[in-house]
Amino acid sequence: MTRAIEAGHLAKKYVIGGVKEANYRTLRDSIAGFVRRRGASPRRETIWALRDVSFTVERGEVMGIIGRNGAGKSTLLKILSRITEPTSGMARLYGRSGSLLEVGTGFHPELSGRENIFLNGAILGMRRAEIARKLDEIVAFAEIGQFLDTPVKRYSSGMYVRLAFAVAAHLETEILIVDEVLAVGDASFQRKCLNKMEDVGHHGRTILFVSHNLASITRLCPRAMLIDAGRVVRDGPAHEVVRFYLHSDLGTTAARQWLDDAEAPGDEVARLRAVRVRSDGEVAAKIDIHRGVDIELEWEALEPGHVLVPNLHFQNEEGLVVFVSSDLDPEWRRREREPGRYVSTAHIPGNFLAEGTLVVSAAVSTMDPVRVHFYERDAVAFEVVDVLGAETARGDYGAPIPGVVRPLLPWTNEFIPAAAPVTRSQR
Amino acid sequence: MSAVEPRPIVIAPSSGWRSIDLREVWEYRELLFILVWRDIKVRYRQTLLGVLWVVAQPLLTAVIFTVLFNRVAKIDAGGGVPYSLFVMVALVPWSFFAAGVSASGNSLIGSSHLISKVYFPRVIVPAASVLSGFVDMAVTLALVIVMSLVYRAGVPPQVIFLPVAILICALFAFGIGMWLSALNVEYRDIRVIIPFLLQLWMYATPVVYPLRVVPEKYRWVALINPMTGIVETFRAAMLGGAIPWPQLGYSVAVMAVVLVSGAFYFRRMERLFADVL
């Protein structure tokens, strides 16, 4: 077999923090920093997004890359796409490569569908002649028909996404690097794209595919690689790697605690001690969708005389805040807390959350005026797993279900026989 | 296995000083052209007056300058040239240069969404910004030709040197654009400095006044300014007079230094763009 991708000891270091939160500086800062000399050097943290990643991919192989958020998947794709350089290590790509880290990159709202096809195609690395040849196919695939010469700002969001996908799906490089792009678009169109990619995969094309959707990984990729904390944890047949991932705690951090006073988030009023995710009393990272889950916040009140309100913020893997919940326990509502330790627990009922990872941020605040004593971003995370066989909101539907929550709602039906001349709503 | 193994793409940390990979830029020429085309198309489609604005802008600028510097400040063009034509000719290279420097200087930041998602030689971004200014310049140039036909007997034979002057002007704007855009990624206050710098530079260049009215003791300011040679060459080419070869030669030398050093600096900073933007 022929090599398509060779990666050896790839590592990537990011420097974060510093004088400002942002990565860039201003001349003013540099000059001011120079004047101050090296007195108080700004605290700069380095993070190794990737450390020592090696693998090879043969030509025609389709490999999925999985791992939790921040594991280093995107960094790896960015390096292989040549968007960013590795700090050390090297990789070789044999053949023309293309990357889809996003669909519709460079789309301009003022330009027409046709113009955007050429623009986006060129940005993705397609030749003008190649785009011209595939134009009809792209238009048909996108189902935009008579709107081809309409500025895309007048497109519905569905049309816009379909057009963006259509161009992407026609990128026919020998090596294709795909990030999570299939996370948008309606279900039937997603399926069409997957099929198209699968098609091309059978033509000796090498594909690297990152996704949170484990089902599409096992369906599309014979091989998968699991990355965690910047390292390759597992590499092998996709179903094995996915199974390993699901049974490990890698997808989540279900409990965290702070033993050291200096490191615990907080101020002089309140301090965070631990956050835990529990199901049936046990700390758990994977929660069956039909079971309830308890989020436990252990914290200390340090100063008397404050009405302290613990609150939790839930975000899904797209970063969308699904909901925020505050402690309204009547026993402590509007009542000053005496100094000491508290364990505040929020119960989320089963059959309410959608499947996927939920990241929990934990805080304790004072109301009126609002003051935040600590806010620990992304304190813990857990994964809601859809299970077959239990009574869930999924019912008998087998395909992926969109939506940020998936409550099991009581439905009722009223049968109105066809013969009845007057319906209720007309009365 | 095929007999001819294609050259693999090697991904490794870069180090040291390298110049722009011209061969690679050539491979991506279609992207360059389509970005230029997009800039032009969007610019004229978005503005209310569209193409009319392209004509109105240099005309209004010339009118304002004529009132201010000719009528009020009593600066005379000399040589029987109407002041409005005199200033308009200088605006052709100057506006092109200023627009090119300011657009390319801010170009990388404006294209951060592309840079963080797709690979291509980054130098295409400032290059496209300079190139898309050609349309505006062509329109202004056409106006100057019309004015020359109205006021005078058309353009002199020296006009054949005009393309050379345009090329020098474009490359100079591009060289500065490479420097500023790369600096701009790291130091965001460059964005604020650019307009100020350009304004100061315009008054240090004989755009609104002829070189001969500059007092002897300040003459050096105009002479070390590489834009002087370019603007004066435009005037000679359009209004008649000797092409100031020594000054133009000096402009070319400065342009070459800025261009080459810009290419190296840009290339050195290029690897950081995606991480910082």
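All heavy atoms count here, side chains included; hydrogens, waters and symmetry mates do not.
Among A:Gly106, A:Gly98, A:Ser99, the residue with the largest count of heavy-atom pairs under 4.5 Å with chain B is A:Gly106. Here A:Glu115 is the residue among A:Met90, A:Glu115, A:Arg92 with the most heavy-atom pairs under 4.5 Å with chain B. Top candidate by heavy-atom pairs under 4.5 Å with chain B, chosen from A:Thr87, A:Leu80, A:Thr84, A:Leu93, is A:Leu93. Interface check for chain A: of the options B:Leu31, B:Leu35, B:Ile115, the most heavy-atom pairs under 4.5 Å are formed by B:Leu31. The residue among B:Glu270, B:Glu27, B:His113, B:Arg271 with the most heavy atom pairs within less than 4.5 Å of chain A is B:Arg271. Contacts with chain A were tallied for B:Lys117, B:Arg122, B:Arg38; B:Lys117 has the most, counting heavy-atom pairs under 4.5 Å.
Residue contact with chain A, scored on non-hydrogen atoms closer than 4.5 Å, is absent for B:Ser111. Within the 4.5 angstrom heavy-atom criterion, only side-chain atoms of B:Tyr28, from C-beta onward, approach chain A. Of the two parts of A:Arg127, the backbone and the side chain both hold a non-hydrogen atom closer than 4.5 Å to a non-hydrogen atom of chain B. When heavy atoms are compared at a cutoff of 4.5 Å, A:Ser81 approaches chain B solely by way of its backbone atoms N, CA, C and O. If you measure heavy-atom distances from B:Leu272 to chain A, you find no contacts under 4.5 Å at all. For a residue to count as touching a neighbouring chain, one of its non-hydrogen atoms must lie under 4.5 Å from one of that chain's; by this rule A:Leu77 does not touch chain B.
Atom CZ of B:Arg29 has more than 12 neighbouring heavy atoms from other residues, nucleotides or ligands inside a 6.0 Å radius.
Of the inter-residue distances, the one linking A:Ser112 atom OG with A:Arg154 atom CZ reads 11.5 Å to the nearest 0.5 angstrom. Separating the CZ atom in A:Arg96 from the CD atom in A:Glu172 is a distance of 9.5 Å, to the nearest 0.5 Å.
The pair A:Glu6-A:Arg3 meets the salt-bridge criterion, since a charged nitrogen lies less than 4.0 angstrom from a carboxylate oxygen.
At distances below 3.5 Å, at least one donor-acceptor pair connects side-chain atoms of A:Asn120 with backbone N or O atoms of A:Thr105.
Side chains of B:Ser261 and B:Trp179: a donor-acceptor N/O pair is present below 3.5 angstrom, by distance only.
For the pair A:Glu137/A:Val139, no side-chain contact is recorded, criterion being any heavy-atom separation below 4.5 Å from C-beta on. For the pair A:Phe55 and A:Ile5, the minimum side-chain heavy-atom distance is below 4.5 Å.
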